[in-house]
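Numbering of residues begins at 1 and proceeds along the displayed sequence. Being a predicted model, the structure only gives us computed values, none of them experimental.
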Amino acid sequence: MRIDCLTLFPDMMRAVLDESIIGRAVKAGILDIRYINIRDFAQNKHNRVDDAPYGGGMGMVMQPEPIYRAFQSVLENAEDKPKVIYMSPQGSVFSQDKAKELAKEEHLVLLCGHYEGVDERVLEEIVDEELSIGDYVLTGGEIPAMAVIDAVARMIPGVLPAEDAYSEESLYNGLLEYPQYTRPPEFLGREVPEVLLSGHHENIRKWRREESIRRTCKKRPELLNDADLTDKEKAFAELCMKENV
């Protein structure tokens, strides 16, 4: 997968995404992440990319021309038109299902805004979808874009060692992940559940599934509405809900 980031702070994004699992996937050629500095496409003495809003108001607005030229530079080296996403608090809230959907794309472009936002005309011209990572406001789109890249990249074949590395995690299948334990077997008087030490794989699988349901009932019960549960698991979930009342 190729991902182009249109940003005013490429070094900020590179410092994060060049590390750990994502960085290794880039070095291995599984991911192709590129950083396009919008300021490089400003055609003025001071590389200015913002101006005061028409109609007055606080702050500055990113101008359409540098963004459009930056996007055109992406198209010059693209085989097909990429899917363009603008990171915005006005967008639909990013979710695991959306991450699964985007992981099927061959080429993504993430536009990171700043200041009071981006001139609406360039959004209308190039953007396919707006995404938010929550109902709050950040100083720019870089952090949301990195969150999206991290969530999407994890599901690209080869990024993680095996599908189980992500398919059993919280939210992937509509439930929260079961509790995890490692050595030592006892810590501050708290012991690892005996079933996990038994070596009985079916019992461990059953315990983990039930703990996922139990934890979801306790922490995020609204997720159960869309979770794929058997009739027996639904009955177990109802029992767990009663225990939490």
*Asks:* Which heavy atom in Leu123 sits nearest to a heavy atom in Glu130, and how many Å separate them?
*Replies:* CD1-OE2, 4.4 Å
*Asks:* Please indicate whether Lys219 has more than 12 foreign heavy atoms, meaning atoms of other residues, nucleotides or ligands, lying under 6.0 Å from its NZ.
*Replies:*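 Counting neighbours around NZ of Lys219, 12 or fewer heavy atoms of other residues, nucleotides or ligands fall under 6.0 Å, so no.
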*Asks:* Could you give the distance from SG (Cys5) to CE (Met13), rounded to the nearest 0.5 Å?
*Replies:* 3.5 Å
*Asks:* Do Pro179 and Trp207 come close enough that some side-chain heavy atom pair is under 4.5 Å?
*Replies:*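 Pro179 vs Trp207: side chains touch.
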*Asks:* Flag yes if more than 12 heavy atoms outside Glu186 fall under 6.0 Å of its CD atom; otherwise flag no.
*Replies:*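 Yes, CD of Glu186 has more than 12 neighbouring heavy atoms, counting only those of other groups under 6.0 Å.
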*Asks:* More than 12 non-hydrogen atoms from neighbouring residues, nucleotides or ligands closer than 6.0 Å to CD on Gln180, yes or no?
*Replies:*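 Yes - once you tally the heavy atoms of other residues, nucleotides and ligands closer than 6.0 Å, there are more than 12.
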*Asks:* Check the surroundings of atom CG in Asp135: do more than 12 heavy atoms from other residues, nucleotides or ligands lie under 6.0 Å from it?
*Replies:* no
*Asks:* Between Tyr35 and Leu6, is there shared hydrophobic-cluster membership here, with clusters defined by ILVMFWY side-chain heavy atoms closer than 4.5 Å?
*Replies:*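 Tyr35 clusters together with Leu6.
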*Asks:* Just verifying a value: how many Å separate Met87 CE and Leu111 CG, rounded to the nearest 0.5 Å?
*Replies:*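 So the gap between those two atoms works out to 10.0 Å.
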*Asks:* Before giving the answer on side chain to side chain contact (heavy atoms under 4.5 Å, CB included), spell out for Leu224 and Met241 the whole-Å C-alpha distance, their side-chain angles and the decisive distance to 0.1 Å.
*Replies:* CA-CA 10 Å; Leu224 294 170; Met241 291 297 293; 4.1 Å; yes
*Asks:* Does Glu202 have any salt bridge (charged side-chain N to carboxylate O under 4.0 Å, His left out) partners at least two apart in sequence or in another chain, and if so, which?
*Replies:* Arg205
*Asks:* Under a 4.5 Å cut-off applied to non-hydrogen side-chain atoms, are Ile85 and Val127 in contact?
*Replies:*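 The answer is no, as the side chains (C-beta and beyond) never meet within the 4.5 Å cut-off.
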*Asks:* Are the side chain of Ser88 and the backbone of Gln90 linked by a donor-acceptor contact shorter than 3.5 Å?
*Replies:*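 Yes, the answer is positive, given that a donor and an acceptor are paired below the 3.5 Å cut-off.
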*Asks:* Does the pair Asp18/Arg24 count as a salt bridge with the N-to-O cut at 4.0 Å?
*Replies:* no
*Asks:* In chain order, what residues pass the salt bridge (charged side-chain N to carboxylate O under 4.0 Å, His left out) check against Arg34, with sequence neighbours excluded?
*Replies:* Asp32
*Asks:* Using a 4.5 Å cut-off on heavy atoms from C-beta on, say whether the side chain of Glu210 contacts that of Ile213.
*Replies:*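 Not touching, per the 4.5 Å side-chain cut-off.
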*Asks:* Look at atom OH of Tyr181 and say whether more than 12 heavy atoms of other residues, nucleotides or ligands are closer to it than 6.0 Å.
*Replies:* yes
*Asks:* Does Ile149 share a hydrophobic cluster with Val93, counting links as ILVMFWY side-chain heavy atoms below 4.5 Å and allowing steps through other members?
*Replies:*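 In one cluster with Ile149: Val93, no.
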*Asks:* Donor-acceptor pair, Thr7 side chain versus Asn37 backbone, under 3.5 Å?
*Replies:* no
*Asks:* When you look at CD of Glu129, are more than 12 heavy atoms from neighbouring residues, nucleotides or ligands closer to it than 6.0 Å?
*Replies:*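 Check passes, neighbour count above 12.
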*Asks:* Taking the side chain as every heavy atom from C-beta outward, state whether Thr182 and Val192 have any atom pair closer than 4.5 Å.
*Replies:* no
*Asks:* Would you say the side-chain atoms of His114 pair up with the backbone N or O of Thr139, donor to acceptor, closer than 3.5 Å?
*Replies:*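 Present.
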*Asks:* Under the salt bridge (charged side-chain N to carboxylate O under 4.0 Å, His left out) criterion, do Asp80 and Arg2 qualify, and how do the steps go?
*Replies:* CA-CA 11 Å; Asp80 299 302; Arg2 173 179 165 183; over 6 Å; no
*Asks:* Whether Glu177 and Arg215 form a salt bridge (side-chain N of Lys/Arg under 4.0 Å from carboxylate O of Asp/Glu) is what I want to check.
*Replies:* no
*Asks:* Quick test of your reading: applying salt bridge (charged side-chain N to carboxylate O under 4.0 Å, His left out), list the pairs with at least one residue in residues 225-238, sequence neighbours left out, ordered by first then second residue.
*Replies:*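 Found Arg209-Glu233.
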*Asks:* Count I, L, V, M, F, W, Y as connected when their side-chain heavy atoms are under 4.5 Å apart, and connections chain through other members. Are Leu196 and Leu176 then in the same cluster?
*Replies:* no
*Asks:* Going by ring pair (Phe, Tyr, Trp, His ring centres under 6.0 Å), name the pairs with one or both residues in residues 77-106, residues two or more places apart or in two chains.
*Replies:* none
*Asks:* Answer with yes or no whether the hydrophobic clustering places Leu138 together with Met60; edges join I, L, V, M, F, W, Y residues whose side-chain heavy atoms lie under 4.5 Å apart.
*Replies:*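 Leu138 clusters together with Met60.
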*Asks:* Kindly compute the distance separating CD (Glu194) from NE2 (His200), expressed to the nearest 0.5 Å.
*Replies:* 13.0 Å
*Asks:* Does a salt bridge link Glu211 with Arg214, judged by any charged N lying under 4.0 Å from a carboxylate O?
*Replies:*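 Looking at Arg214 together with Glu211, the answer is yes, because their closest N to O distance falls below 4.0 Å.
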*Asks:* Does Glu243 form a side chain to side chain contact (heavy atoms under 4.5 Å, CB included) with Leu239? I'd like the steps, not just the answer.
*Replies:* CA-CA 6 Å; Glu243 292 175 352; Leu239 180 61; 4.1 Å; yes
*Asks:* List the atom of Leu75, the atom of Pro82, and the distance in Å for their closest heavy-atom pair.
*Replies:*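 Minimum heavy-atom separation between Leu75 and Pro82: CD2-CD, 3.5 Å.
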*Asks:* Do the side chains of Tyr68 and Ile126 get nearer than 4.5 Å, heavy atoms only?
*Replies:*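 Sidechains of Tyr68 and Ile126: in contact.
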*Asks:* Do you know which two heavy atoms are closest between Ile38 and Cys112, and how far apart they sit?
*Replies:*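 In this case the closest contact between Ile38 and Cys112 is CD1-O, 4.4 Å.
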*Asks:* Inspect the surroundings of CZ in Phe236 and state if more than 12 heavy atoms from other residues, nucleotides or ligands are less than 6.0 Å away.
*Replies:*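 It does: Phe236 CZ has more than 12 such atoms within range.
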*Asks:* Once rounded to the nearest 0.5 Å, what's the spacing between atom SG of Cys217 and atom CD of Glu222?
*Replies:*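 Reported value, rounded in 0.5 Å steps: 11.0 Å.
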*Asks:* Return the CD to NE2 distance between Glu105 and His107, rounded to the nearest 0.5 Å.
*Replies:* 10.5 Å
*Asks:* Output yes when a side-chain donor or acceptor of Ser92 lies under 3.5 Å from a complementary backbone atom of Leu131, and no otherwise.
*Replies:* no
*Asks:* Looking only at heavy atoms, what is the nearest atom pair of Gly134 and Ser132, with distance?
*Replies:*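 Distance-wise, the nearest heavy atoms are O-OG, 2.8 Å.
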*Asks:* In Å, rounded to the nearest 0.5 Å, how long is the span from CD1 of Ile36 to CD1 of Ile67?
*Replies:*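 So the CD1 of Ile36 and the CD1 of Ile67 are separated by 13.0 Å.
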*Asks:* Do Met62 and Val122 have side chains that get closer than 4.5 Å, going by heavy atoms?
*Replies:*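 With C-beta onward as the side chain, the pair stays apart.
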*Asks:* Report yes if the side chains of Leu17 and Val26 come closer than 4.5 Å at any heavy-atom pair, otherwise no.
*Replies:*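 No - every pair of side-chain heavy atoms lies 4.5 Å or more apart.
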*Asks:* Can you hop from Val148 to Leu108 via hydrophobic side chains spaced under 4.5 Å?
*Replies:*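 Linked, Val148 and Leu108 end up in one cluster.
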*Asks:* Under 3.5 Å, is there a donor-acceptor pair between the side chain of Asp128 and the main chain of Val84?
*Replies:* yes
*Asks:* For the pair Lys100 and Met155, evaluate side chain to side chain contact (heavy atoms under 4.5 Å, CB included) and give the outcome as yes or no after the intermediate values.
*Replies:* CA-CA 7 Å; Lys100 294 180 190 177; Met155 285 176 288; 3.7 Å; yes
*Asks:* What closest approach, in Å, do Pro53 and Gly59 show between heavy atoms, and which atom pair accounts for it?
*Replies:*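 Residues Pro53 and Gly59, closest heavy atoms: CD-O, 3.3 Å.
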*Asks:* If you look only at pairs with a residue in residues 40-52, which of them pass as a salt bridge (charged side-chain N to carboxylate O under 4.0 Å, His left out), with sequence neighbours excluded?
*Replies:*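 Pairs touching residues 40-52 that pass the test: Arg48-Asp50, Arg48-Asp51.
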*Asks:* A quick test of your reading: do over 12 heavy atoms of other residues, nucleotides or ligands sit less than 6.0 Å from OH of Tyr54?
*Replies:* no
*Asks:* Do the non-hydrogen side-chain atoms of Leu31 and Val159 ever get within less than 4.5 Å of each other?
*Replies:*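 Counting from C-beta outward, Leu31 and Val159 do come under 4.5 Å.
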*Asks:* Of all heavy-atom pairs between Leu110 and Ala145, which one has the smallest distance, and what is that distance?
*Replies:*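 Residues Leu110 and Ala145, closest heavy atoms: CD1-O, 3.7 Å.
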*Asks:* Just jot down the salt bridge (charged side-chain N to carboxylate O under 4.0 Å, His left out) partners of Arg39, sequence neighbours excluded, or say none.
*Replies:* none
